[in-house]
There are 2 protein chains.
Amino acid sequence: MDARVELDTSVGYLLKQAATALRTAMEAALRPLSLTVSQYACLEQLGARPGMSGSELARAVFVTRQSMHALLRGLEERGLLTRPASAPHGRALPTDLTGEGRAALAAASTAVAAVEQRMVAALSPAALARVRTDLSAFVAALDAPDAPTEP
Amino acid sequence: MDARVELDTSVGYLLKQAATALRTAMEAALRPLSLTVSQYACLEQLGARPGMSGSELARAVFVTRQSMHALLRGLEERGLLTRPASAPHGRALPTDLTGEGRAALAAASTAVAAVEQRMVAALSPAALARVRTDLSAFVAALDAPDAPTEP
DNA sequence: CACTGTATGTCAGACTTCTGACATGGATGC
DNA sequence: GCATCCATGTCAGAAGTCTGACATACAGTG
């Protein structure tokens, strides 16, 4: 109890540092394709699960649905995706990639995969699997609403 | 070569998810203290290394020095830190916490430590040390300017 | 059937951060 | 000594994201 943050050993600080380094490297890799990281993330999600609504995309990309709204308008104007004028059910507008959108995603996904490969190259597959497990545990522990620091 | 990103197994996506969850939890913990995450990070750095310049702080907190400039003005107006009117050497203005600033940092650091503790509670000390090592390896690999994906 | 609750899309404004630019102080080169 | 380069502080504008708000569509309940 009454513990303080020690910067030298803080996993949180390392987490932020790694996420920032990854984002910077992704920005550099995506700049030649005229895509931001958020735009790429949106395309990647749509490639994996076509027909997602804007709200679903927002949650998957970790932005608000208002931000996703502006993002989708930009990508639609560039012809990378299409949305119906009216919703087939409820209010959700299913979004899909165009052919041009799939081509842009393919190029971007290749570029980002190279960045991620560079990031994890030094780790063995087993170590990588451990990291994934541990990061998932972090997310699960933080998402739990109650905070039993000492049960 | 020509690899694509697989969302289900992407460490980058997990990294972003974990960083977002941590930031959200920190925002919630710091809101009662009227501090943002960036402001807290700034105070924490100054607590560990008094006398840092604005540019040094910016690099440590992962924002631009322009953003840090605005951030420091706000914290100075609230009386949490002080900066000299002129630089004792060069252009760098050494920044220091006031007594009130140290008090705010103590409260904030305790709150953030609880969040971080909740995040890592499920991991053994050995597993935690591994995660730190691996995250450091990610940063080092991404910061390397050349990208030898396949040497 | 009406009411409530939840989810989605959209608009408007504020806030934060970034990019670009300029001036100043110091160090390094010749 | 002077020119050049680098780091820092600061100002101004642009871009992205968030908060707040409102309307709409469906599901569940009385």
Side-chain angles (χ1 to χ4, degrees), chain A residues 16-17 19-21 23-28 30-31 34-43 45-46 49 51-78 81-96, chain B residues 16-17 19-21 23-28 30-31 34-43 45-46 49 51-78 81-96:
Chain A
K16 178 168 185 176
Q17 188 175 8
T20 301
R23 187 179 186 91
T24 301
M26 286 176 65
E27 283 170 354
L30 292 171
R31 192 166 304 126
S34 298
L35 284 175
T36 66
V37 175
S38 295
Q39 289 172 330
Y40 155 72
C42 181
L43 296 181
Q45 289 290 337
L46 281 175
R49 293 166 53 198
M52 287 177 81
S53 71
S55 289
E56 286 174 326
L57 278 167
R59 285 189 292 269
V61 176
F62 309 112
V63 298
T64 62
R65 66 182 193 277
Q66 293 89 332
S67 298
M68 181 55 64
H69 180 66
L71 216 157
L72 288 174
R73 281 199 44 94
L75 291 174
E76 190 174 15
E77 284 178 3
R78 282 171 60 177
L81 52 82
T82 57
R83 315 191 76 189
S86 64
H89 181 71
R91 298 214 68 198
L93 299 176
T95 310
D96 282 296
Chain B
K16 177 168 185 175
Q17 189 175 8
T20 301
R23 187 180 185 89
T24 301
M26 285 175 64
E27 282 170 355
L30 292 171
R31 191 167 304 125
S34 298
L35 285 175
T36 66
V37 175
S38 296
Q39 289 172 332
Y40 155 73
C42 181
L43 296 181
Q45 288 291 336
L46 281 175
R49 293 166 52 197
M52 287 178 81
S53 71
S55 289
E56 286 175 324
L57 277 168
R59 285 189 292 268
V61 176
F62 309 112
V63 297
T64 62
R65 66 182 194 275
Q66 293 90 331
S67 299
M68 181 55 64
H69 180 67
L71 215 157
L72 288 174
R73 281 198 45 94
L75 290 175
E76 190 175 13
E77 284 178 3
R78 282 172 60 178
L81 51 83
T82 55
R83 314 190 77 191
S86 64
H89 181 73
R91 297 215 68 198
L93 298 176
T95 310
D96 283 295

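Each chain gets a letter, A, B and so on, in the order its sequence line appears, and its residues count up from 1.
- Regarding Met68(B), its CE atom lies at a distance of 13 Å from the C1' atom of dG9(D), rounded to whole Å.
- Within 4.0 Å (heavy atoms only), Arg83(A) reaches sugar-phosphate atoms of the nucleic acid but no base atom.
- Nearest-nucleotide assignment on DNA chain D puts the 5′-proximal partner with Arg23(A), out of Pro88(A) and Arg23(A).
- Computed from coordinates, the Leu93(A) CG to dT24(D) P distance equals 15 Å when rounded to whole Å.
- With dA25(D), dT17(D), dC11(C) as the choices, the nucleotide that has an atom nearest any side-chain atom of Leu71(A) turns out to be dT17(D).
- Checked against salt bridge (charged side-chain N to carboxylate O under 4.0 Å, His left out), Arg23(A) has the following partners two or more places apart in sequence or in another chain: Glu27(A).
- Of the possible polar contacts, none joining the Asp96(B) side chain to the Thr82(B) backbone as a donor-acceptor pair under 3.5 Å is found.
- Residue Arg59(A) contributes atom CZ, which lies 8 Å from atom P of dA7(C) at whole-angstrom precision.
- Between the CG atom of Leu72(B) and the C1' atom of dT16(C) there is a distance of 15 Å, given to the nearest Å.
- Residue Gln39(B) contributes atom CD, which lies 12 Å from atom C1' of dC15(C) at whole-angstrom precision.
- Of the candidates dT10(D), dT10(C), dG9(D), the closest approach to any side-chain atom of Gln66(B) belongs to dT10(D).
- Residue Ser38(A) is classed as a sugar-phosphate contact, given heavy-atom separations below 4.0 Å to backbone atoms only.
- Within the nucleic acid shown, Ser67(A) comes within 4.0 Å of at least one base atom, counting heavy atoms only.
- Whole-Å rounding puts the His89(A) NE2 to dA27(D) P distance at 5 Å.
- Among all heavy-atom pairs drawn from Pro88(B) and Ala92(B), the shortest one is CD-O, 4.0 Å.
- Residues Met52(B) and Thr95(B) have side chains not in contact (no heavy-atom distance under 4.5 Å, counting atoms from C-beta outward).
- Contact of the Thr20(A) side chain with the Lys16(A) side chain is registered, since non-hydrogen atoms from C-beta on lie closer than 4.5 Å.
- Here the side chains of Leu35(B) and Arg78(B) are in contact, with some heavy-atom distance below 4.5 Å.
- Taking side-chain N and O atoms only, His69(A) has no distance below 4.0 Å to OP1 or OP2 of dG9(C).
- At whole-Å resolution of the value, CZ in Arg65(A) and C1' in dG16(D) are 18 Å apart.
- In the set dT10(D), dG25(C), dT8(C), dG25(C) carries the atom at the smallest distance from any side-chain atom of Arg91(B).
- The distance between atom CD of Glu56(B) and atom P of dA7(D), rounded to the nearest whole Å, is 12 Å.
- Inter-axis angle, ends of the helix from dC1(C)-dG30(D) to dC30(C)-dG1(D), five pairs per end, rounded to 10 degrees: 30°.
- Annotation: of the two residues near DNA chain C, Arg73(A) and Arg31(A), the 5′-most nearest-nucleotide partner is Arg73(A).
- Shortest non-hydrogen contact noted between Thr36(A) and Leu30(A) is O-CD1, 3.9 Å.
- The shortest heavy-atom contact between Cys42(A) and Leu57(A) is O-CD2, 3.9 Å.
- Of the residues near DNA chain D, Gly54(B) and Thr64(A), the one whose nearest nucleotide (by heavy atom distance) lies more toward the 5' end is Gly54(B).
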